[in-house]
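Let me begin by presenting the structure, written as structure tokens, before commenting on it.
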Amino acid sequence: MKETERIGSLKGIGEKTEKLFQKVGVETVGDILRYYPRAFEIFEEPVPVGNVEEGKINTVAGKVFGRIQVSGNTKMQVTTLYLKDLTGTLKVIWFRMPFLRNTLGKGGMLILRGRVIRKKDTLVMEHPEVYYPAAKYEEKLHTMQPVYPLTAGLTNNAVIKAVRQALDCVNPNTDILPEGLEEKYHFMSYEGAVLNIHFPEDKEHFAAARERFVFEEFLVFILSLRQMKGTQNRAKNGFHFSDQPKISGFLKALPYQLTDAQMKVWGEIRADMQGEHVMSRLVQGDVGSGKTVIAFLALLLAGLNGYQGALMAPTEVLARQHYENISGMLETYGLPLKAELLTGSMTPAQKRGAYERIQSGEASVIIGTHALIQEKAVYRELALVVTDEQHRFGVRQREALAGKGAMPHILVMSATPIPRTLAIILYGDLDISVIDEMPKNRLPIKNCVVDTGYREKAYAFMEKQVAQGRQCYVICPMVEESESLEAENVMDYSQTLQEEMGNGVCVGCLHGKMKQQEKDEIMDAFGRNEIQILVSTTVVEVGIDVPNATVIMIENAERFGLAQLHQLRGRVGRGKHQSYCIFMSASKSEETKERLDILNRSNDGFFIAGEDLRLRGPGDLFGIRQSGILDFKVADVFQDAKVLKNASEEASEILKEDPELAQPCHAGLKRYIDSKIQEIMLETTL
């Protein structure tokens, strides 16, 4: 069997399962080989009950103490038992598994494996896997079992079976790394790396396999960007932008002055738009640094010169907020432009009206989600597209927006502070501007790093803030070991918090398994203060501005990267009231304390990103993941900064010798880039 054969040709994969694999982007046998695990379950010796660590996956062995109880209603039945050994007793709960009362009530030794959390000053193991009789655990002891990204209906076991079969089809000739690099960097062989990225012998073998594929992923990404930049550099600016007095009038009329950094960046954008070539610029600015007003100035320059500008947001609720803000500014400052909203959930009649106004040119500023290019919108003359880092625009996307007209200018806004050395490599297709100064009227967020013993005080503090009319976020980490528990974990937490707060406070719940419409409805309700405390996973990392939210408490803060914690902290501090961030950590390690103390001492995202880079080491392969930058399959720009730099240097050497990747030795690499280019240019997206 060849890697090019469809996934359905593997044994045991019928039409229904093949469709599920296609949903996660697996079409061929080769695709499943590159469908890497997102985590590993590492099966170690059980620990004594008295030594379990809060916030971590623990394996314990013991006997049932007392009776097993089932409580709650039919929708949410909770099974509770107490596991006892010589060192102590541990409370254990399962959701919707009442049959365990009969299964485990027969006595004898059993082994449980699950996350231990603290509930009302008691350590509880929540929804663990059961190994009964205990000998069943021996089969998995000292092994690393892969955990794959899934979709509804697709099980982890189905992926494991498919990968095991596909491993028999590994062909060394499909290795895309140019000859010589394996030896130069002492990489594991291609066949060995494919095996050990899925089923490693141990942590060391996994680390070696991962390093090879991290390098490959960065190399392909950078080569694609460099080639894309070559195409864009040849694109001439087909628009004429003259300075507009109304923009100067708008800046003078603002109730605040733009910072020097904002004015510098605005000058760079204006020069690009008035220059000889099409603009491709990234504006990096910390949370709250004032990137939105800069984007608005660029849209004004396009609109006042008779062209159209589009602003693309990652979610409908954020698109609506941008639309309301921009419409409000156009009206307040007497600017003669009309804004238009275009999203996928609008009715056919609403869309038809929007299409007409866009096509006729009546609408100068168009705000929306990816509907801006996926729907049937025809622009009269689109000169500028403002997007965010989640929507990487490749040449094809520009052409889709430009239609038969000139290539539009692209402005990418990023709130992810990446050290400049890495940003230059990662965003090689873009010129980079940095807003490194905060507006003077912003109150700095007050931070504190606490252990779980502080939770009751934190709840009381949030209750006090809500009584003053404010709102709060509570962030729970996703349950890495079982995707099906992510929702239950957050729901269970919000239920407990609702009981704690009483009926006078509305506690809402948000998680990644909800449909987009449901997420938008909850964020809308939170924006209107119908929900006072929002318990959420990291899906709020990209969310609407809620100026009234003044507290964010991040549970298990040690499980997030510093840059992501800083992004989450940016959900508060957006209004006139003093805001607070509580980092709650169950870890007692000195390393964790050092990391979190950086956030305690600084609100400067660029400083934090630099420290994150300094502290993250290549040994951290199973812990913290950084999100919100670029959605690589295995690579992490902080953890793998050194590999990223090596890949960048090799990309430069390859293109110096073979700019078109036309030489036979680069044929595999060229084919792979060509087949994946859409995915690479637009990693998260459209």
Side-chain angles (χ1 to χ4, degrees), residues 11-12 37-70 77-117 123-150 153-165 167 195-196 198-203 205-206 479-486 488-489 622:
K11 191 180 170 186
R38 62 180 177 83
F40 283 90
E41 291 190 86
I42 303 171
F43 291 83
E44 294 171 336
E45 294 283 353
V47 297
V49 164
N51 293 0
V52 295
E53 286 188 67
E54 182 185 344
K56 289 189 175 178
I57 296 290
N58 292 261
T59 303
V60 290
K63 292 189 175 181
V64 176
F65 179 66
R67 292 179 61 197
I68 300 172
Q69 296 184 330
V70 177
Q77 286 181 308
V78 180
T79 304
T80 307
L81 70 72
Y82 289 87
L83 190 80
K84 187 176 176 64
D85 71 2
L86 295 173
T87 65
T89 308
L90 179 67
K91 183 179 180 181
V92 185
I93 61 170
W94 289 269
F95 305 105
R96 295 193 283 270
M97 294 178 77
F99 57 85
L100 287 174
R101 177 165 53 186
N102 300 326
T103 311
L104 304 179
K106 299 170 183 173
M109 183 71 72
L110 73 146
I111 290 180
L112 303 177
R113 186 173 186 277
R115 187 172 299 281
V116 173
I117 62 169
L123 288 178
V124 179
M125 181 175 276
E126 198 173 64
H127 214 88
E129 289 177 80
V130 180
Y131 295 90
Y132 183 74
K136 281 190 175 181
Y137 189 75
E138 291 291 328
E139 297 166 20
K140 289 188 174 181
L141 191 60
H142 304 307
T143 65
M144 291 171 63
Q145 300 293 319
V147 179
Y148 292 93
L150 302 171
L154 184 66
T155 66
N156 202 56
N157 276 340
V159 181
I160 287 173
K161 282 178 186 173
V163 172
R164 286 201 184 278
Q165 287 185 69
L167 284 168
L195 174 63
N196 280 281
H198 291 285
F199 304 108
E201 286 180 43
D202 50 37
K203 290 183 184 182
H205 279 78
F206 171 73
V479 177
E480 292 175 3
E481 286 66 29
S482 173
E483 289 194 347
S484 63
L485 290 182
E486 177 196 335
E488 284 179 355
N489 189 47
F622 302 93

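Everything quoted here is computed from the prediction, not taken from an experiment.
- Checking side-chain atoms of W94 against main-chain N and O of P128 turns up a donor-acceptor pair under 3.5 Å.
- No donor-acceptor pair closer than 3.5 Å links the side chain of N156 to the backbone N or O of V147.
- Closest of all the heavy-atom pairs between V64 and L104 is CG2-O, 3.7 Å.
- Atoms CD1 and NZ, from I111 and K136 in turn, are 12.0 Å apart once rounded to the nearest 0.5 Å.
- Contact between Q145 and T143 at its shortest, heavy atoms only, is NE2-OG1, 3.1 Å.
- The distance from atom CD1 of I117 to atom CD of E54, rounded to the nearest 0.5 Å, is 8.5 Å.
- No side-chain donor-acceptor contact under 3.5 Å links T89 to the backbone of D85.
- With hydrogens and angles ignored, the 3.5 Å screen pairs no side-chain donor or acceptor of H127 with any backbone N or O of G114.
- Residue Q69 qualifies as open at atom CD: its count of foreign heavy atoms under 6.0 Å is 12 or below.
- We find that E41 and R113 are joined by a salt bridge, their nearest charged nitrogen and carboxylate oxygen being less than 4.0 Å apart.
- Side-chain contact of T79 with Q77: a donor-acceptor pair under 3.5 Å is absent, judged by distance alone.
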For T155 and L150, run side-chain contact (heavy atoms from CB on, under 4.5 Å): C-alpha distance rounded to whole Å, both residues' side-chain angles, the deciding distance at 0.1 Å, then the answer. CA-CA 7 Å; T155 66; L150 302 171; 5.8 Å; no
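- V92 is listed as a side-chain neighbour of L112, based on a closest heavy-atom distance under 4.5 Å.
- What you find for F199 and P146 is that their closest heavy atoms are CE2-CG, 3.6 Å.
- Two rings, from Y131 and Y137, have their centers less than 6.0 Å apart.
- Using modelled atom types, one side-chain atom of N58 and one backbone atom of E53 make a donor-acceptor pair closer than 3.5 Å.
- Listed for the E44 side chain is no donor-acceptor partner under 3.5 Å among the backbone atoms of H142.
- Nearest approach of L100 to I68, heavy atoms of both residues: O-CD1, 4.2 Å.
- Contact annotation: the side chain of H198 approaches that of P37 to within less than 4.5 Å [non-hydrogen atoms, C-beta and beyond].
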side-chain contact (heavy atoms from CB on, under 4.5 Å) between E126 and F95, intermediate numbers included: CA-CA 9 Å; E126 198 173 64; F95 305 105; 3.7 Å; yes
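- Around the CZ atom of F99, the shell of radius 6.0 Å holds more than 12 heavy atoms that belong to other residues, nucleotides or ligands.
- When side chains are defined from C-beta on, L141 counts as touching E45, because their heavy atoms get closer than 4.5 Å.
- D202 places no side-chain N or O within donor-acceptor distance of the main-chain N or O of P200, the cut-off being under 3.5 Å.
- Taking every heavy atom of both residues into account, R38 and Y148 meet most closely at NE-O, 3.7 Å.
- N51 is not listed as a side-chain neighbour of T87, based on a closest heavy-atom distance of 4.5 Å or more.
- Remark: K91 NZ is loosely packed, at most 12 non-hydrogen atoms of other residues, nucleotides or ligands lying under 6.0 Å away.
- Annotation: the span from M125 atom CE to L90 atom CG amounts to 5.5 Å, rounded to 0.5 Å.
- For the atom pair T103 OG1 and M97 CE, the distance stands at 8.5 Å (nearest 0.5 Å).
- The shortest distance between side-chain heavy atoms of T80 and V70 does not fall below 4.5 Å.
- Residue K140 places its NZ atom among more than 12 non-hydrogen atoms of other residues, nucleotides or ligands, all under 6.0 Å distant.
- At distances below 3.5 Å, not a single donor-acceptor pair connects side-chain atoms of T59 with backbone N or O atoms of P46.
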CA sep, side-chain torsions, deciding dist, call: V49, K84, side-chain contact (heavy atoms from CB on, under 4.5 Å): CA-CA 7 Å; V49 164; K84 187 176 176 64; over 6 Å; no
